[in-house]
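Computed from heavy atoms alone, side chains included, the values below leave out hydrogens, waters and symmetry copies. No experiment lies behind these values; they were computed from the predicted model shown.
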Amino acid sequence: MTATIERDTIAALATPPGVGGVGILRLSGPDVPRIAEALLGRLPEPRLAMFATFRDHDGDILDQGLALYFHGPRSFTGEDVLELHGHGGPVVLDLLLQRVLALGARLARPGEFSERAFLEGKLDLTQAEAIADLIESGTHAQARLASRTLRGDFSRRIDLLQEALTRLRAFIEAALDFPDEDIDFIADSAVQNDLTRLIEDSRALLAAAQRGERVRDGLLLVIAGAPNAGKSSLLNALSGENTAIVTDIPGTTRDVLRADIQIDGLPLRVVDTAGLRIAADPIEREGIRRAREQLEHADHVLWIVDDAAPGEGASLDPGQLPDGVPITLIRNKIDLTGLSAGIDTGIDTGIGASVEIRCSVRDGRGLDLLRAHLKAVAGYSGTAGGEFSARRRHLDALRRMLAGLEHAQGLLMDGTTPEIAAEELRLAQRALGEITGDFTSDDLLGRIFSDFCIGK
């Protein structure tokens with residue numbers, strides 16, 4: 001990979017701030033051997049832990065611990081790397097850090113070690129991002145998917161698409177370069193078959209990435225409906241805590257309430273909103289405005305109605321929800337009406353939802369059906385089998401790539417504008433290259449690595 005990187009030496013603590021048994025200071029860059037000799041008295045043997053004394057500029061002892069030296073390019077960053085494992089007190093670690101800075105290193109930016117690994121070709125961009133995802137994992141499923149991405153599962157599927165797209169482009173470009181040949185290469189059914197297969201594989205990868213993104217970021221679930229339908233009670237039931245105040249007085253919830261929960265390892269960001277109605281109270285009106293704002297960003301909406309008062313909130317004005325937001329109808333309070341718990345799918349609920357779940361938030365009947373339904377909505381099996389961690393930028397690039405392939409297919413079938421079809425394929429491949437970093441911009445790199453912790 002060709003890239004210009006700063007050839008100075010960087011340093012940062014690789015362990016979190018606070019008191020601990022061990023604290024690690026990491027250095028990377030061309031001055032590592034010189035700094036090691038000044039600090040330790042000699043350069044350790046590569047890839048061999050050495051007990052060492054860390055000394056200040058007067059030769060006084062700062063700390064004692066282990067020193068690990070990795071000679072580039074056989075290191076994480078591809079440069080010379082030194083790790084100092086000392087005691088985990090904040091004062092002694094700060095003294096050690098100040099010492100290496102005085103010896104010529106500079107403080108690393110967030111994510112700069114991983115950025116250098118990417119620029120040196122040690123990792124592609126998806127693997128570098130997976131490092132941050134692995135560190136920030138909040139569930140076992142998130143950690144598993146991040147680990148799979150780090151070892152290259154996502155990258156390999158991208159590479160297969162790149163190879164197929166390169167072969168297809170080469171075939172079409174050759175046909176355009178030799179228009180006087182007797183054979184119409186572009187009209188060959190093999191070209192259309194290859195493009196169709198490429199589109200199918202791209203759709204499958206996009207679907208897998210969408211599932212991975214939902215495990216990584218969680219599903220944004222907004223609970224909405226009329227006042228006193230049981231929205232806050234549902235939030236409390238799903239979270240297992242008394243997050244929201246529940247009373248018999250309609251309009252109790254005035255602000256947006258949030259809870260981060262898990263269902264068998266699937267993270268969900270659940271938002272409880274004010275009941276939607278015409279309100280005279282200015283505070284309640286503001287709560288309703290915020291509720292509508294949350295609906296704009298929802299991945300899925302649980303529209304909850306009171307089965308004991310079917311006239312209130314059972315109908316939904318289409319203008320109350322943004323276009324394209326999936327809805328599940330929750331028919332609550334069946335403990336009062338005598339209905340049995342259950343789920344109906346593929347039906348006309350009258351509010352744009354194709355799924356209706358009958359439950360009682362009070363006694364818990366039907367909530368297991370809701371939890372299973374939410375996992376199905378997210379495409380989550382609980383085993384995270386065969387998937388990988390993905391981000392929203394990956395989904396955006398895959399959608400642009402897929403749109404380019406589909407447009408090119410239409411143009412080639414039409415047979416009148418093969419040059420434009422070739423350009424669409426080029427742009428599709430460029431979008432695909434953004435995912436792994438084969439094609440990217442400095443601005444994008446800056447945004448990605450700025451989210452990393454310092455020292456990684």
Looking only at atom types and distance, does a side-chain atom of [X] sit under 3.5 Å from a main-chain N or O of [Y], one as donor and one as acceptor?
X      : Y      : value
Asp80  : Gly72  : yes
Asn332 : Val361 : yes
Arg34  : Leu103 : yes
Lys122 : Arg116 : no
Arg371 : Asp264 : no
Arg269 : Gly218 : yes

Legend entry - 4.5 Å side-chain heavy-atom contact, Leu405 and Gln409: no
Legend entry - 4.5 Å side-chain heavy-atom contact, Phe154 and Leu145: no
Inset, instruction - List the steps and the verdict of side chain to side chain contact (heavy atoms under 4.5 Å, CB included) for Thr77 and Ile10. - result: CA-CA 11 Å; Thr77 63; Ile10 57 175; over 6 Å; no
Inset, instruction - Could you tell me which non-hydrogen atom of Pro267 sits nearest to which non-hydrogen atom of Val215, and how far apart they are? - result: CG-O, 3.1 Å
Legend entry - Residue pair Thr139 / Gly265: nearest heavy atoms and the distance that separates them: OG1-O, 3.4 Å
Inset, instruction - Can you spot which of Arg392, Arg399, Arg393, Arg391 makes a salt bridge (charged side-chain N to carboxylate O under 4.0 Å, His left out) with Glu213? - result: Arg392
Side chains of residues 162-169: which donor-acceptor partners sit under 3.5 Å, not counting sequence neighbours?
residue, atom, partner, partner atom, Å
Gln162, OE1, Gln429, NE2, 2.9
Thr166, OG1, Gln162, O, 2.8
Thr166, OG1, Gln429, NE2, 2.7
Arg169, NH1, Gln429, OE1, 2.7

Inset, instruction - Kindly confirm or rule out a cation-pi arrangement of Arg26 over Phe113, judged by NZ or CZ under 6.0 Å from the six-membered ring centre and within 45° of its axis? - result: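 Verdict for Phe113: a cation-pi partner in Arg26.
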